[in-house]
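One structure is given here, and the rest of the page talks about it.
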There are 2 protein chains.
Amino acid sequence: MFLNDKYETQMKKGVLDMLVLKLLENEEKYGYQIISELKEKSGERFTLKEGTLYPILYRLEDEQLVVSKWSEPEGKKVPRKYYGITQIGKQELLELETLWRDIYHNAAKIMEGSQDE
Amino acid sequence: MFLNDKYETQMKKGVLDMLVLKLLENEEKYGYQIISELKEKSGERFTLKEGTLYPILYRLEDEQLVVSKWSEPEGKKVPRKYYGITQIGKQELLELETLWRDIYHNAAKIMEGSQDE
DNA sequence: ATTATATACTTAGTAATACAAAGTACTTGT
DNA sequence: ACAAGTACTTTGTATTACTAAGTATATAAT
């Protein structure tokens, strides 16, 4: 199953950023929480290692689509870094979803023999 | 529109190989023909430059999903390299489509708030 | 006849990303 | 005390879409 693993990796590219933005749409979340929700809500199809997620978050922050702040640890001693979506991030999320669906539907035309679906 | 261009590039990754295989499913074709059909059938969403397509074809050939042969130029003097899908290629195409749709649907679950679609 | 455009294939270099792997550090369960 | 889970960071690798340039022939325009 090596070949399919390779293609799966490639097919996820670009989509992960969109999914992370989506999870932050209504609520601030921290890294590990994002990994858990992504895994659970995607039927385990999107099961990220930390080394995959955190670079995505740093990138989104560079692009000013999210902002982060460290939590003041009250009861729990482990500091957490919370990520929230920005106004720019919300707008970009809308554009990304449109783009993503458009790419899918146009590819689907070819996969179904130039038929609209 | 720089950011969206970047994401569009990423979101196409992996999908192009599948689309090229699909176009070869029923008929041998040559490079330029593939570019034309891909552009036309995808509503111009997939408009490849030669420098994008040919490396894909070489890769598919390395993976033994397609085979190529030069045409004997009879009337027309320009030699063409025709690509045809192999048996392995046909099977891989089926698996790629399944994988691609699965990734899309599981991502869609997240994009629609953990709803099945 | 010369120029431009289209066809047809090739190659080198760049930017970007998902992932593996390893590391640091704290907390909880046994 | 030890293992396992939580939480974040960093480095290195493989892969791919794209730009750009190059080679070459055929056809249409000036």
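Quick note on labels: first sequence line is chain A, next is B, and so on, each numbered from 1.
Residue A:T47 comes nearest to A:K39 through the heavy atom pair OG1-CG, 3.5 Å, listed as atom of the first residue, atom of the second, then distance.
For DNA chain C, each stem of at least three Watson-Crick or G-U pairs (distances under 3.5 Å) is given as range with range: C:1-30 with D:1-30.
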Assess the residue pair A:L65 and A:I85 against the criterion (side-chain contact (heavy atoms from CB on, under 4.5 Å)); give the C-alpha distance rounded to whole Å, side-chain angles, the decisive distance to 0.1 Å, and a yes or no. CA-CA 6 Å; A:L65 306 182; A:I85 195 169; 5.8 Å; no
Using a 4.0 Å cut-off on protein heavy atoms (strictly under), produce a 5'-to-3' string for nucleotides 12-20 of chain D with B for base contact, S for backbone-only sugar-phosphate contact, and - for none. ---BBSBBB
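Counting to the nearest Å, the P atom of C:dT10 and the CZ atom of B:R80 are 14 Å from each other. Between the CG atom of B:L57 and the P atom of C:dT11 there is a distance of 13 Å, rounded to whole Å. Here the C1' atom of nucleotide D:dT25 and the CH2 atom of B:W70 are 12 Å apart, to the nearest Å. When the C1' atom of C:dA18 is taken as reference, atom CD1 of A:I35 falls 13 Å away, rounded to whole Å. Between A:L60 atom CG and C:dT17 atom C1' there is a gap of 12 Å when expressed in whole angstrom units. Atom pair A:L53:CG and C:dT17:P shows a separation of 14 Å (rounding to whole Å applied). The distance from atom NZ of A:K39 to atom P of D:dA7 is 15 Å, rounded to the nearest whole Å. Across the protein-nucleic acid pair, A:Y30 atom OH and D:dC8 atom C1' stand 12 Å apart, rounded to whole Å.
Follow the hydrophobic side-chain contacts under 4.5 Å out from A:Y58 and you reach A:Y32 in the same cluster. Criterion: ILVMFWY side-chain heavy atoms under 4.5 Å apart, direct or through other members. Under it, A:L23 and A:V67 are not part of a common hydrophobic cluster. Connection of A:V66 to A:L94 is not established within any shared hydrophobic cluster, with ILVMFWY side chains joined at heavy-atom distances below 4.5 Å, either directly or through further cluster members.
Side-chain rings of A:W100 and B:Y7 stay apart, their centers remaining 6.0 Å or farther from each other.
Between the side chain of A:S42 and the main chain of B:N106, no donor-acceptor pair closer than 3.5 Å is present.
Listed pair B:Y32 / C:dT7 fails the phosphate criterion, with no side-chain N or O lying under 4.0 Å from OP1 or OP2. Of the side-chain N and O atoms in B:Y54, none sit less than 4.0 angstrom from OP1 or OP2 of C:dT11.
Judged by the 6.0 Å distance and 45° axis criteria, A:K29 is not positioned over the aromatic ring of A:Y82.
Of the charged side-chain nitrogens involved, at least one lies within less than 4.0 Å of a carboxylate oxygen, so that B:E112 and A:R101 count as a salt-bridged pair.
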